[in-house]
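Have a look at the structure below before the remarks.
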Amino acid sequence: MSAMSSNWDRRSVLRASAGITAPVALTGLTFGGSSAHAAEAGAAASGARPTTEKLPKQPTGKGPAERFTGDVWVDNITAGVEPSRLRASMVRFSPCARTAWHRHVLGQTLHVTEGIGLVRARGGKLIVMRPGDTIFTPPGEWHWHGATREDFMIHLAMVDTDGDGDGATEWGELVGDEEYDRR
């Protein structure tokens, strides 16, 4: 297979992934896809040459109260389809909003795009995140992240799944105010 056809196949899979129903890496919310993307995935599998196109935006979901404190909104960007296992979400935190303690089987990368945020690993120091900062949490490390009390914060969250799309995140208890305020 040539490098060019390999890239076309990869792009087809990635484009098709945006329309496949799959849980968001952080929230477990489910977003539906369209029949156009299902047809496109079938065309990619049959060897048809894909074309570049703008994909429809997936609906924004509210972060569930059992996994987030405060107002958090999640936009699913991609839920990888084999061979990709990448899940990426844009997550918007209102001031003081944060995740519960959680860990990722294969780790997590956060990239802050706006605002000021906080991240802490269990037993670790508090890290202040600013636009342009990229934070990596290794596989299995319990951590939380969110906005400061004074600022909104938006980050791109990226995780790998186990190939079936399951098991990317294990959720723990909510982060209380005392723990959140500990510096």
Side-chain angles (χ1 to χ4, degrees), residues 7 10-11 13-15 17-18 22-29 31 52-64 67-81 83-161 165 168-172 174-183:
N7 285 339
R10 182 169 180 251
R11 281 183 272 166
V13 169
L14 293 174
R15 283 185 15 246
S17 73
V24 172
L26 289 176
T27 64
L29 299 174
F31 299 99
T52 301
E53 69 178 280
K54 180 179 176 181
L55 297 174
K57 183 189 176 305
Q58 298 296 309
T60 299
K62 177 91 167 79
R67 295 182 179 172
F68 297 94
T69 298
D71 289 326
V72 177
W73 297 93
V74 181
D75 284 292
N76 185 26
I77 296 170
T78 188
V81 174
S84 172
R85 299 180 314 174
L86 174 69
R87 297 233 174 140
S89 300
M90 187 67 68
V91 187
R92 294 167 176 83
F93 294 83
S94 64
C96 202
R98 65 242 184 212
T99 67
W101 284 100
H102 62 286
R103 62 183 175 176
H104 306 279
V105 173
L106 299 172
Q108 180 183 50
T109 301
L110 303 175
H111 181 78
V112 178
T113 61
E114 295 183 42
I116 304 173
L118 306 169
V119 61
R120 184 189 304 266
R122 197 166 301 246
K125 65 178 183 166
L126 185 71
I127 298 171
V128 176
M129 306 182 293
R130 299 183 186 284
D133 288 348
T134 301
I135 306 292
F136 176 72
T137 302
E141 184 169 76
W142 286 97
H143 66 286
W144 63 266
H145 39 95
T148 65
R149 285 201 174 276
E150 300 80 25
D151 299 283
F152 285 85
M153 188 269 295
I154 301 173
H155 68 48
L156 177 62
M158 297 162 280
V159 298
D160 276 321
T161 65
T169 307
E170 179 183 349
W171 291 92
L174 292 173
V175 174
D177 287 343
E178 184 177 314
E179 194 168 33
Y180 171 81
D181 288 328
R182 190 180 56 181
R183 303 289 178 214

> Rounded to the nearest 0.5 Å, how far apart are CZ of R149 and CG of L118?
Replying inline: 10.0 Å

>> So N76 and S89, do their side chains get closer than 4.5 Å, heavy atoms only?
In response: yes

> Just how far is it from atom CG of D177 to atom CD of E179, taken to the nearest 0.5 Å?
Replying inline: 10.5 Å

> Is it the case that more than 12 heavy atoms not belonging to K57 sit under 6.0 Å from its NZ atom?
Replying inline: yes

> To the nearest 0.5 Å, what is the distance between CH2 (W171) and CZ (F68)?
Replying inline: 4.5 Å

>> Which residues pass the ring-ring contact (aromatic ring centres under 6.0 Å, His included) test with H143, not counting sequence neighbours?
In response: H102, H104, H145

> If only atom types and distance count, is the side chain of D133 paired as donor or acceptor with the main-chain N or O of R130 below 3.5 Å?
Replying inline: yes

>> Going by the rule side chain to side chain contact (heavy atoms under 4.5 Å, CB included), which residues pair with E141 if we only count those two or more places apart in sequence or in a different chain?
In response: A121, T137, P138

> Can you name the residues that form a side chain to side chain contact (heavy atoms under 4.5 Å, CB included) with T69, not counting sequence neighbours?
Replying inline: R98, L174

> Of the non-hydrogen atoms in Q58 and D75, which two are nearest, and what is the gap between them?
Replying inline: O-OD1, 4.1 Å

>> To the nearest 0.5 Å, what is the distance between CZ on R182 and CZ on R120?
In response: 4.5 Å

> Angle class for the W144/W101 ring planes (parallel below 30°, perpendicular above 60°, tilted otherwise)?
Replying inline: perpendicular

> Would you call D71 and K62 a salt bridge, using N to O less than 4.0 angstrom?
Replying inline: yes

> How far does CZ of R85 sit from OG1 of T161, to the nearest 0.5 angstrom?
Replying inline: 6.0 Å

> Which heavy atom in A147 sits nearest to a heavy atom in F152, and how many Å separate them?
Replying inline: CB-C, 4.2 Å

> Taking atom CE of M153 and atom CZ of R92, what is their separation to the nearest 0.5 Å?
Replying inline: 11.5 Å

> What closest approach, in Å, do V105 and P139 show between heavy atoms, and which atom pair accounts for it?
Replying inline: O-CB, 3.2 Å

> Looking only at heavy atoms, which two atoms of G140 and R103 are closest? And how far apart?
Replying inline: O-CD, 3.3 Å

> So, S94 side chain and A97 main chain: donor-acceptor pair closer than 3.5 Å or not?
Replying inline: no

> Does T99 reach the side chain of V91, with side-chain heavy atoms less than 4.5 Å apart?
Replying inline: no

>> Run the side chain to side chain contact (heavy atoms under 4.5 Å, CB included) test on D160 and L86 for me, step by step, so that the C-alpha distance in whole Å, both residues' side-chain angles and the decisive distance to 0.1 Å come before the verdict.
In response: CA-CA 5 Å; D160 276 321; L86 174 69; 4.3 Å; yes

